[in-house]
Asks: 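Input: one structure, supplied below.
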Amino acid sequence: MELHLHRLDYTQVGVTSQKTMRLLPALGKKTTQKVAIADHDGVVTCFGMKKGEAVPVFKTLPGAKVARMDLGGAVGTPQEKIFVCSGSQVRGFTKKGKQFLIFEANLTESINALHVSGADLFVCASYIYNHYCDCKDQDYFLSGDKINDITCLSSEKLPHLIPVLACQDRVIRVLQGSELSYDIEVPSPPSVLELFNKDGGEEVLYGTTDGKIGLVQIGDCDAATKWEIENEKRKGGILCIDTYDIIGDGVNDILVGRDDGAVEVYGFDSSREPSLRFEHVLTESVTSIQGGCVGKESYDEVLTATYTGWVTGLTSEPQRAEAVQGDEIKMSKETQSKIEALSAELEQLQVKVLQGREQYQQSSQSSTAVSAVPVFSINDKFTLCQDDASYSLTLEVPTAIDNLLLQSDVPIDLLDVDKNSAVVSHSECDSQQPNGNYLLATYRCQANTTRLDLKVRSIEGQYGTLQAYVTPRLQPKTCQVRQYQIKPLSLHQRTHSIDPDRPMNQLSLVGQFSFAEIHSWVVFCLPEVPEKTPAGESVTFYFHNTFLGTQIETTYCKGEGHFKSDNISTISILRDVLSKEATKKKINLNISYDINDDSVSHTLQMIHPKLEYQLVLEKKVQLIDALKELQVHEGNADFLIPEYRSILDESDKLLEEYKKQPARLERLYGMITDLLIDKFKFKGRNVRTKVSSMLEILEHYDLNSLLDFFSEP
């Protein structure tokens with residue numbers, strides 16, 4: 001079933017956070033609904049549409065940044081009361097804008113997730129969950145990792161509300177009172193939760209930071225995953241989900257907003273499996289999404305709010321095509337009046353801008369002038385992509401970006417990004433100086449660019465800081481700096497379990513250190529570890545390497561730590577970094593290790609398919625120019641053997657793939673070299689003189705020859 005929706009921009013407020021726009025219930029069937037939206041200026045705005053114009057219902061005074069919004073009301077009545085959270089405070093407004101509630105939760109951290117159900121209020125800060133009933137404390141729970149979102153199950157079948165938390169450690173936690181009932185393992189960190197059926201039920205939709213969508217059915221003692229949609233096209237992470245029957249087949253569809261601006265509608269066929277029915281791409285991240293009727297009666301639409309505060313509708317109302325006479329387009333009177341009104345508004349704004357510039361120039365040249373630095377917010381995200389073992393850096397600014405400077409004191413590669421239209425230029429770096437630069441790159445942006453997507457790839461064992469200097473097109477010129485830590489084991493990702501049958505090497509530490517100290521060292525070494533020290537006396541984390549597929553098991557407590565990995569180089573990096581961190585705090589460590597020689601051949605066999613593929617790709621790319629020359633000389637490629645003809649046919653694809661993987665072969669050679677050095681380092685031998693012999697074997701690569709070389713005494 002085809003779905004045709006047309007875009008309409010309604011209004012713009014300030015910069016918005018995730019899930020801060022809601023549609024108030026309609027007064028009658030198919031009547032238009034009011035829109036409530038809150039922004040970083042602390043302003044809550046409610047408006048409706050009349051004759052194509054946004055008419056305000058109410059607008060509150062500015063205040064603290066609003067982090068979330070939810071609707072509530074007495075059970076069994078329309079949920080039309082508006083609740084917003086700012087800092088540790090929750091405020092409630094009626095649909096006409098009267099404030100009826102100010103509740104101070106007295107939390108040490110700001111509230112970042114909110115759910116309202118009747119007299120029950122559920123709030124979450126970074127690690128803390130609190131339940132209040134009639135503003136009185138009921139339940140409390142401390143999560144093992146950051147809480148990203150909350151929802152609650154309620155139905156006639158359930159004797160009480162069941163809170164469900166989406167947590168950063170790839171777990172959805174189901175609570176009962178103040179206790180953890182059970183948790184649900186999901187493949188990536190869940191960023192948003194939504195009830196599949198708003199009228200009650202036991203099914204919860206989740207979206208993840210890497211763009212996956214799933215549905216889980218919550219039971220009394222466990223949960224079942226009903227389906228999951230993979231992110232095969234590597235779209236952005238999920239920021240918001242809603243359910244609404246936009247297709248009109250009597251079944252609720254799934255509306256999805258992503259952080260790369262993609263808006264999607266998933267419908268259901270007879271097999272009850274979701275399939276993509278509609279997609280539209282906005283220029284900035286979609287922070288909120290709702291299904292309803294806003295612009296015109298009887299026409300459903302998908303309403304979105306973006307990072308910079310644009311409220312946009314994708315409506316099912318057919319758009320009238322303008323009549324064409326000759327080379328001229330004959331517009332309706334309604335369209336003409338709209339264009340005239342917009343032109344007049346544009347002229348007024350241009351006059352205001354000129355007046356403002358003149359006033360600024362005059363005031364800046366006076367003797368009492370004080371320079372005021374323009375303040376702007378940056379929405380940034382630095383995440384590890386499992387598919388290609390690279391880091392994705394996304395920077396989004398409310399105004400146009402003039403340029404971006406990237407600086408790194410650690411070796412990293414910049415990878416091509418199709419969506420990035422900025423012009424990049426590299427500067428020479430002197431990495432030999434103390435705190436020297438390994439990367440200096442400037443991105444010059446085109447006009448009206450508010451978002452930049454970059455990709456970088458790091459080398460494990462080399463750690464430091466990547467800095468981004470963002471300069472927008474504002475006067476006077478100003479710049480903000482964002483810092484991102486490149487960790488020693490930066491290509492590792494948290495996982496729920498590891499393969500116990502692999503040959504493992506072990507590193508053990510014993511010393512006079514606290515649980516918090518060794519946890520801080522693990523946070524320094526590995527990504528996706530919660531900064532807060534875990535509850536309990538000991539903790540175990542599992543990781544896998546997104547590039548090679550090797551694994552780590554970390555178990556530690558006060559005075560003791562054990563690290564296992566099937567890659568000797570990983571153990572070597574951990575030993576060097578952990579001993580360095582302990583030395584900084586003047587803590588003596590008793591370090592012991594147990595090396596399994598079988599792990600070396602195991603790691604080489606894991607590298608083998610990647611190395612073989614890369615060598616074949618490089619050979620094919622080297623042949624392309626010569627084969628094209630032969631083809632031009634002979635007039636066709638019929639005389640070539642099938643293998644060479646296929647290289648010519650796929651030449652564009654091969655070159656594009658090779659371009660996207662700079663230095664991939666050198667990286668693999670470097671890993672094998674490190675493996676050789678680390679193997680013999682643990683035996684007390686320096687084998688750097690054997691590296692040249694190993695590189696000769698790699699030039700004429702054969703796995704058995706390489707295994708024989710490594711097994712030599």
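The chain is numbered in sequence order, starting from 1. Reckoned from all heavy atoms, side chains included, excluding hydrogens, waters and symmetry mates.
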Asks: Out of curiosity, Gln493 CD to Leu384 CG, how far, rounded to the nearest 0.5 Å?
Replies: 5.0 Å
Asks: Can you name the side chain to side chain contact (heavy atoms under 4.5 Å, CB included) partners of Ser191, sequence neighbours left out?
Replies: Thr209, Ile238
Asks: Give a yes or no on whether Glu104 atom CD has more than 12 heavy-atom contacts from other residues, nucleotides or ligands under 6.0 Å away.
Replies: yes
Asks: Between Thr151 and Phe122, is there a side-chain heavy-atom distance shorter than 4.5 Å?
Replies: no
Asks: Under a 3.5 Å cutoff, is there a donor and acceptor pairing between the side chains of His40 and Ser17?
Replies: yes
Asks: Please indicate whether Asp9 has more than 12 foreign heavy atoms, meaning atoms of other residues, nucleotides or ligands, lying under 6.0 Å from its CG.
Replies: yes
Asks: Any side-chain heavy-atom pair from Asn252 and Phe196 closer than 4.5 angstrom?
Replies: no
Asks: Got a list of side-chain donor-acceptor pairs under 3.5 Å for residues 53-75, not counting sequence neighbours?
Replies:
unit_1	atom_1	unit_2	atom_2	d
Thr60	OG1	Val44	N	2.8
Arg68	NE	Gln18	O	3.1
Arg68	NE	Asn112	O	3.4
Arg68	NH1	Asp149	OD1	2.9
Arg68	NH2	Gln18	OE1	3.3
Arg68	NH2	Asn148	O	3.2
Asp70	OD1	Arg22	NH1	2.6
Asp70	OD2	Val116	N	2.8

Asks: Taking all non-hydrogen atoms of both residues, which atom of Cys46 and which atom of Lys34 are closest, and how far apart?
Replies: SG-CB, 4.0 Å
Asks: So which heavy atom on Met49 is nearest to which on Val294, and how close?
Replies: CB-O, 3.5 Å
Asks: Considering only heavy atoms from C-beta outward, does the side chain of Glu228 approach that of Tyr206 to under 4.5 Å?
Replies: yes
Asks: If the test is side-chain contact (heavy atoms from CB on, under 4.5 Å), which one of Ile254, Val265, Leu314 qualifies with Ile246?
Replies: Val265
Asks: Is there a donor-acceptor pair under 3.5 Å between the side chain of Ser288 and the backbone N or O of Thr304?
Replies: no
Asks: Taking atom types as modelled, find out whether Asp253 and Tyr266 have a side-chain donor-acceptor pair closer than 3.5 angstrom.
Replies: no
Asks: Look at the side chain of Glu203 and the backbone N and O of Asn197, then say whether any donor-acceptor pair between them is shorter than 3.5 Å.
Replies: no
Asks: Do Leu303 and Leu23 come close enough that some side-chain heavy atom pair is under 4.5 Å?
Replies: yes
Asks: If you compare all heavy atoms of Ser377 against all heavy atoms of Val15, which two are closest, and at what distance to 0.1 Å?
Replies: OG-CG2, 3.8 Å
Asks: Evaluate the side-chain contact (heavy atoms from CB on, under 4.5 Å) criterion for residues Thr94 and Gln99: first the C-alpha distance (whole Å), next the side-chain angles of each, then the deciding distance (0.1 Å), finally the verdict.
Replies: CA-CA 7 Å; Thr94 65; Gln99 184 169 305; over 6 Å; no
Asks: Taking atom types as modelled and ignoring hydrogens, do the side chains of Ser392 and Thr383 form a donor-acceptor contact shorter than 3.5 angstrom?
Replies: no
Asks: Do the side-chain N and O atoms of Tyr307 and Thr283 include a donor-acceptor pair separated by under 3.5 angstrom?
Replies: no
Asks: For the side chain of Ser178 and the backbone of Tyr140, is there at least one donor-acceptor N/O pair under 3.5 Å apart?
Replies: yes
Asks: List the residues meeting salt bridge (Lys or Arg N to Asp or Glu O under 4.0 Å) with Arg234, not counting sequence neighbours, and say none if there are none.
Replies: Asp387, Asp388
Asks: Is there a donor-acceptor pair closer than 3.5 Å between any side-chain N or O of Ser285 and the backbone N or O of Gly261?
Replies: no
Asks: Can you find a heavy atom in the side chain of Thr306 that is under 4.5 Å from one in the side chain of Thr16?
Replies: no
Asks: Counting distance only, does the side-chain N/O of Ser343 pair as donor-acceptor with the main-chain N or O of Ile339 below 3.5 Å?
Replies: yes
Asks: Less than 4.5 Å apart, side chain to side chain, heavy atoms only: is that true for Ser86 and Arg91?
Replies: yes
Asks: Regarding Asp453 and Thr394, is there a side-chain donor-to-acceptor distance under 3.5 Å anywhere?
Replies: yes
Asks: Answer yes or no: is there a donor N or O on one side and an acceptor on the other, between the side chain of Asp41 and the main chain of Val43, under 3.5 Å?
Replies: no
Asks: Could you tell me if the side chain of Val302 sits less than 4.5 Å from the side chain of Val263, heavy atoms only?
Replies: yes
Asks: Do the side chain of Gln12 and the main chain of Thr308 share a donor and acceptor less than 3.5 angstrom apart?
Replies: yes
Asks: Quick check for you: to the nearest 0.5 Å, what is the distance between Phe268 atom CZ and Glu273 atom CD?
Replies: 8.5 Å
Asks: With no hydrogens and no angle check, do the side chains of Glu297 and Tyr299 hold a donor and an acceptor under 3.5 Å apart?
Replies: no
Asks: Which heavy atom in Gly257 sits nearest to a heavy atom in Ile289, and how many Å separate them?
Replies: N-CD1, 4.1 Å
Asks: If you round to the nearest 0.5 Å, how far is NZ of Lys19 from SG of Cys240?
Replies: 9.0 Å
Asks: Using side-chain heavy atoms (C-beta onward) and a distance below 4.5 Å, is Met21 in contact with Val35?
Replies: yes
Asks: For Leu276, does its backbone N or O pair with a side-chain atom of Glu264 as donor and acceptor, under 3.5 Å?
Replies: no
Asks: Could you pull out the closest heavy-atom pair between Ser390 and Lys455, with the gap in Å?
Replies: OG-NZ, 3.2 Å
Asks: Enumerate the residue pairs fulfilling ring pair (Phe, Tyr, Trp, His ring centres under 6.0 Å) with a member in residues 60-85, sequence neighbours excluded, ordered by first and then second residue.
Replies: Phe83-Phe100
Asks: Using the side-chain hydrogen bond (donor to acceptor under 3.5 Å, both in side chains) rule, collect all pairs that involve residues 122-133, keeping only residues at least two apart or in two chains.
Replies: Asp120-His131, His131-Asp139
Asks: Run Leu8 and Thr312 through side-chain contact (heavy atoms from CB on, under 4.5 Å) and show every step you take.
Replies: CA-CA 6 Å; Leu8 293 172; Thr312 302; over 6 Å; no
Asks: Distance from Lys381 atom NZ to Glu396 atom CD, nearest 0.5 Å?
Replies: 11.0 Å
Asks: Rounded to the nearest 0.5 Å, what's the gap from OG on Ser188 to CD on Glu528? Could you check?
Replies: 8.5 Å
Asks: Between Gln386 and Thr546 (side chain of the first, backbone of the second, donor and acceptor by atom type, cut-off under 3.5 Å), is there such a pair?
Replies: no
Asks: For Lys296 and Asp300, what are the C-alpha separation, side-chain angles and deciding distance, and is it a salt bridge (charged side-chain N to carboxylate O under 4.0 Å, His left out)?
Replies: CA-CA 8 Å; Lys296 194 169 183 181; Asp300 293 329; over 6 Å; no
Asks: Provide the closest heavy-atom pair for Ile241 versus Gly207 in the form atom of the first, atom of the second, distance.
Replies: CD1-N, 3.7 Å
Asks: Pair Gln176, His160 - check side-chain contact (heavy atoms from CB on, under 4.5 Å), show working.
Replies: CA-CA 9 Å; Gln176 186 169 352; His160 50 79; 3.9 Å; yes
Asks: Report yes or no: does Asp249 contribute a side-chain atom to a donor-acceptor pair with the main-chain N or O of Val251 at less than 3.5 Å?
Replies: yes
Asks: Applying ring pair (Phe, Tyr, Trp, His ring centres under 6.0 Å) as the test, list every pair that has at least one member in residues 60-81; sequence neighbours left out.
Replies: none
Asks: Please assess Arg258 against Glu279 for the test salt bridge (charged side-chain N to carboxylate O under 4.0 Å, His left out), listing each intermediate value before the final yes or no.
Replies: CA-CA 11 Å; Arg258 296 179 182 267; Glu279 184 176 17; over 6 Å; no
Asks: Measuring from atom CG of Leu395 to atom CZ of Arg451, what distance do you get when rounded to the nearest 0.5 angstrom?
Replies: 9.5 Å
